[in-house]
Amino acid sequence: MRNSERVKVKNLLESGTVGAEVAAMGWVRTKRGNKSITFIALNDGSTINSIQVVFDMAVFSEDQLKNVATGACIAVRGKLVESPGSGQRVEIQASYLEVLGEADSATYPLQKKGHSMEFLREIAHLRPRTNTFGAVLRIRHALAFAIHKYFNDRGFIYLHTPIITGSDAEGAGAMFRVTTLDPNNLPRTPEGKIDWSEDFFGKEAKLTVSGQLEAELGAMALSEVYTFGPTFRAENSNTPRHLAEFWMIEPEMAFYDIQDNMDLAEDFLKYLIRYVLTSCADDLEFLKKMYDDELVSRLQLVVDNKFERLTYTRAVEILEKANQKWEFPVFWGADLQSEHERYLVEKHFSKPVILTDYPKEIKAFYMKQNDDGKTVRAMDVLFPKIGEIIGGSQREENYQKLLSRITELGVPEKDVWWYLDTRKFGTAPHSGFGLGFERLVLFVTGMSNIRDVIPFPRTPKNCEF
RNA sequence: UCCUCAUUAGCUCAGUUGGUUAGAGCACCUGACUGUUAAUCAGGGGGUCCUAGGUUCAAGUCCUAGAUGAGGAGCCA
């Protein structure tokens with residue numbers, strides 16, 4: 001059977017004409033039956049739902065169906081009929097069966113019954129075949145598509161920033177080294193240090209931790225740009241919210257101040273969630289039923305409410321007055337801890353919160369300094385359950401102020417001369433933010449571990465598949 | 001990286017104050033059943049109790065170290 005004959009399961013279930021001769025291909029989820037009739041639930045990933053294929057054992061032999069067990073891949077042809085059973089609108093009355101790939105039922109690891117997420121991580125090559133991962137991966141795709149659509153519809157240019165970087169100044173954490181040198185035979189300088197001039201790029205190279213600095217270069221020409229690509233952090237983070245390799249979206253906009261930046265971030269997040277609510281309703285309903293009863297209402301909460309905007313200073317006042325014991329003390333100048341952020345979002349305001357104007361000491365060198373000399377125009381968007389989902393700021397566009405901050409923090413000027421150049425030649429007020437893609441998928445799917453919202457997670461001590 | 005917990009059949013787990021031959025459900029195999037919905041019913045096979053030491057007449061159970069996993073924290077997106 002050829003693909004041209006095949007109809008996707010989603011189309012058969014939603015709009016298949018009763019009485020039509022149809023063909024389908026997919027993987028067997030379950031088989032049940034007796035000597036006279038066999039039922040197979042067939043899934044091709046086009047939807048969470050499987051189509052029921054009915055085999056009349058007067059037409060098919062037991063031998064033909066013997067090796068068609070959970071996990072096998074088959075092609076079937078038959079008549080689409082109204083289902084007398086209660087679980088589905090239509091089913092295929094099979095007249096032809098082709099086994100494309102058997103799956104030995106004694107050794108195939110996936111069963112009809114539930115598996116733990118930990119076990120499924122060990123078989124990440126097969127877990128897309130489960131209902132849960134099918135739903136998560138379809139939602140992940142929908143979000144990725146919606147991100148491009150949102151920006152494209154608003155005239156943003158998709159800018160491909162480098163994955164390998166020679167700059168160590170991004171300041172967002174430990175980096176992975178990229179080298180072609182033989183670790184057992186490293187070239188040395190006369191002083192005995194490693195001679196990086198002998199390496200592939202003639203200098204030390206790393207995997208990027210952020211495309212922001214390059215995105216700013218794009219914004220200084222194209223006005224509005226965004227990046228959407230892989231990002232790497234070599235931190236030894238072992239939490240349900242961190243990956244060593246993850247995807248990040250970083251819009252960067254000329255002429256936007258911090259208010260414009262917040263407006264964009266809020267509108268963007270609401271658009272994405274609304275998109276999934278309407279286009280992935282089946283998958284969300286499944287995840288809600290299986291894992292998280294409040295999933296849809298939590299998404300609706302974000303879409304329906306104006307995000308609360310307040311300054312860091314005001315937030316510290318609220319936390320100091322809160323009748324609550326903190327593991328970490330709250331005072332002006334301290335970085336806010338998870339417990340503080342969660343209190344603001346989940347207890348005090350009960351909706352997403354945007355905090356602005358943080359002390360400059362706890363934020364990056366490129367953020368625009370306020371006139372008070374103490375704070376910078378940073379903004380963090382905090383969400384229920386997962387905490388910080390977006391971090392951004394208005395950027396410092398004044399050459400002298402940026403240079404003095406760089407000097408204060410000891411960033412080598414030779415590493416960022418090109419970044420400083422944008423402030424020398426035609427500088428402009430501009431802003432941007434970073435959104436961790438998997439954090440967004442985590443929030444939208446209600447999964448509890450970030451390793452379960454990316455097909456092949458990379459974490460400390462884990463690089464299989 | 002720190003703290004806590006866990007590791008027993010393919011999967012999920014039970015296993016009492018240390019004591020005879022380590023159990024259950026599901027999965028798998030065999031059989032029954034003329035429309036099932038994670039089908040049902042009957043029977044069967046299946047174990048390096050994470051690893052290495054130690055205590056003891058006796059260790060799945062107690063002690064030490066390690067490995068792996070999870071949760072919390074930090075770092076952050």
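We name chains A, B, ... by the order of the sequence lines, and we start the count at 1 in each one. Keep in mind it's a predicted model, so treat the numbers as computed, not measured.
Nucleotide C76(B) forms a pair with no other nucleotide shown, judged by Watson-Crick or G-U wobble geometry with both contacts under 3.5 Å. Using N1 to N3 plus N6-O4 or O6-N4 for Watson-Crick, or N1-O2 and O6-N3 for G-U wobble, each under 3.5 Å, U12(B) pairs with A24(B). When Watson-Crick and G-U wobble pairs are counted only if both distances are under 3.5 Å, C5(B) pairs with G69(B). Of the nucleotides present, A52(B) is the one that pairs with U64(B) by Watson-Crick or G-U wobble criteria, both distances under 3.5 Å. Using Watson-Crick or G-U wobble geometry with both donor-acceptor distances under 3.5 Å, C29(B) finds its partner in G43(B). Under the Watson-Crick and G-U wobble criteria, each requiring two contacts below 3.5 Å, nucleotide C57(B) is paired to G19(B).
A distance of about 29 Å separates the P atoms of U48(B) and U40(B), rounded to the whole Å. The same atom, C1', is picked in C41(B) and in A14(B); the two are 25 Å apart, to the nearest Å. Here the separation of U51(B) from A38(B), taken at their C1' atoms, is 36 Å to the nearest Å. U34(B) and U20(B) have their P atoms separated by 47 Å, with the value rounded to a whole Å. Spacing between C63(B) and C28(B) at atom P, rounded to whole Å, works out to 39 Å. Between U4(B) and A22(B), the two C1' atoms lie 29 Å apart (nearest whole Å). Comparing the same atom, C1', in G54(B) and in C11(B) gives a spacing of 33 Å after rounding to whole Å. When the C1' atom is compared between C62(B) and U55(B), the two are found 8 Å apart, to the nearest whole Å.
With hydrogens and angles ignored, a donor-acceptor pair under 3.5 angstrom links the side chain of Gln111(A) to the base of G10(B). Glu235(A) contributes no side-chain N or O that forms a donor-acceptor pair with the base of U1(B) under 3.5 Å. A donor N or O paired with an acceptor N or O is not found under 3.5 Å between the base of U36(B) and the side-chain atoms of Asn34(A). At a cut-off of 3.5 angstrom, counting only N and O atoms as typed in the model, there is a donor on one side and an acceptor on the other between the side-chain of Ser237(A) and the base of C75(B). Below the 3.5 angstrom threshold, one finds no donor paired with an acceptor across the side chain of His115(A) and the base of C11(B).
In this structure, Gln52(A) reaches the bases: a heavy-atom distance under 4.0 Å links it to at least one base atom across the strands shown. Using a 4.0 Å heavy-atom criterion, one finds that Thr231(A) contacts no nucleic acid atom at all. Contact annotation for Leu110(A): no contact, since no heavy-atom pair falls under 4.0 Å across all strands. Gly436(A) comes within contact range of the sugar-phosphate backbone alone, with a heavy-atom separation under 4.0 Å but no base atom that close. At a threshold of 4.0 angstrom between heavy atoms, the contacts of Gly391(A) with the nucleic acid are absent. Counting non-hydrogen atoms under 4.0 angstrom, Pro109(A) reaches nothing in the nucleic acid. Residue-level contact check: Arg29(A) touches neither bases nor backbone, having no heavy atom under 4.0 Å from any strand. Contact annotation for Glu91(A): base contact, defined as any heavy-atom pair under 4.0 Å involving a base atom. Using a 4.0 Å heavy-atom distance criterion, Asn449(A) is classed as a sugar-phosphate-only contact. Glu327(A) comes within contact range of no nucleotide atom at all, as no heavy-atom separation falls under 4.0 Å. Within the 4.0 angstrom heavy-atom criterion, base atoms lie near Thr239(A). Within the nucleic acid shown, Phe39(A) comes within 4.0 Å of at least one base atom, counting heavy atoms only. Within the nucleic acid shown, Lys31(A) has no heavy atom closer than 4.0 Å to any nucleic acid atom. Looking at heavy-atom distances under 4.0 Å, Ser83(A) makes contact with a base.
Residue Ala106(A) is the one, among Gly85(A) and Ala106(A), whose nearest nucleotide of RNA chain B lies closer to the 5' end (criterion: closest heavy atom). Summary of the strand contacts: Glu339(A) and Phe119(A) both lie near RNA chain B, and taking for each the nucleotide with the nearest heavy atom, the more 5' one is attributed to Phe119(A).
We find that Arg77(A) and Glu98(A) are not joined by a salt bridge, their nearest charged nitrogen and carboxylate oxygen being 4.0 Å or further apart. The pair Arg138(A)-Asp282(A) does not meet the salt-bridge criterion, since no charged nitrogen lies less than 4.0 angstrom from a carboxylate oxygen. Salt-bridge check for Asp380(A) with Lys363(A): passed, with a basic side-chain N closer than 4.0 Å to an acidic carboxylate O.
A donor-acceptor contact under 3.5 angstrom links the side chains of Asp44(A) and Ser46(A), judged on distance only. Using a 3.5 Å distance cut-off with no hydrogens or angles, the side chains of Thr231(A) and Arg233(A) do not pair a donor with an acceptor. Looking at Gln212(A) and Tyr366(A), their side chains do bring a donor and an acceptor atom within 3.5 Å of each other.
Comparing G35(B), C76(B), A73(B) by their nearest atom to the side chain of Gln337(A) picks out A73(B). The side chain of Arg32(A) has U37(B) as its nearest neighbour among C76(B), C33(B), U37(B). When each of C33(B), U37(B), A73(B) is scored by its nearest atom to the side-chain atoms of Ser338(A), the top-ranked nucleotide is A73(B). Checking U30(B), G74(B), G35(B) against the side-chain heavy atoms of Pro84(A) singles out G35(B) as nearest. Out of G35(B), A73(B), G72(B), the shortest distance to the side chain of Ile37(A) is found at G35(B). Looking at the side chain of Gln88(A), the nearest of the listed nucleotides U37(B), A73(B), G71(B) is U37(B).
The distance between the ring centers of Phe156(A) and Tyr150(A) does not fall below 6.0 angstrom.
Relative to the ring axis of Tyr271(A), Arg154(A) places its NZ or CZ within 45° and under 6.0 Å from the centre.
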